[in-house]
Amino acid sequence: MKDVNLWDRVSWKAVKEAKGLTYRQISEELGLYIGSVEKWFSGEKSPALIHQVALARVLGIPLSEALDNINDPDIRALLSITL
């Protein structure tokens, strides 16, 4: 999954389709309304960071690769608390 990007909706959609997941399955895994998940994938809304990390886990996107590209110390600190 080297080309998959945690921060990119196109990557989310590609992984979702490759794994045969539905919005309902993802929303149930996350414990959120299906409408919220659909809005994330369509770009209508952006998930909070904690939900983005949870989405990565559901989709099987490796967090270590995504975090390697973040150099801002404030964001890294926030992520370390979230994870």
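The chain is numbered in sequence order, starting from 1.
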*What is the distance from atom CD of E38 to atom CD of E44, rounded to the nearest 0.5 Å?*
10.0 Å

*Regarding R9 and S42, is there a side-chain donor-to-acceptor distance under 3.5 Å anywhere?*
no

*Between the main-chain N or O of Y23 and the side-chain N or O of S27, is there a donor-acceptor pair closer than 3.5 Å?*
yes

*Could you check if a side-chain atom of W12 sits within less than 4.5 angstrom of a side-chain atom of I26, using non-hydrogen atoms only?*
no

*Nearest-0.5 Å distance that lies between atom CZ in R24 and atom OH in Y33*: 13.0 Å

*Reported CZ-to-CG distance for the pair R57 and L30, which is rounded to 0.5 angstrom*: 11.0 Å

*With sequence neighbours excluded, what pairs up with Q25 under the side-chain hydrogen bond (donor to acceptor under 3.5 Å, both in side chains) test?*
T22

*About how many Å separate CG of L21 and NZ of K16, when rounded to the nearest 0.5 Å?*
7.5 Å

*For the atom pair CG (L55) and CD1 (I50), what is the distance rounded to the nearest 0.5 Å?*
13.0 Å

*Any side-chain heavy atom of L32 within less than 4.5 Å of one from W40?*
yes

*Starting at NE2 of H51, measure out to OG of S36 and round the result to the nearest 0.5 Å.*
8.0 Å

*asked:* Using a 3.5 Å distance criterion without hydrogens, assess whether the side chain of K19 forms a donor-acceptor pair with backbone atoms of L59.
replied: yes

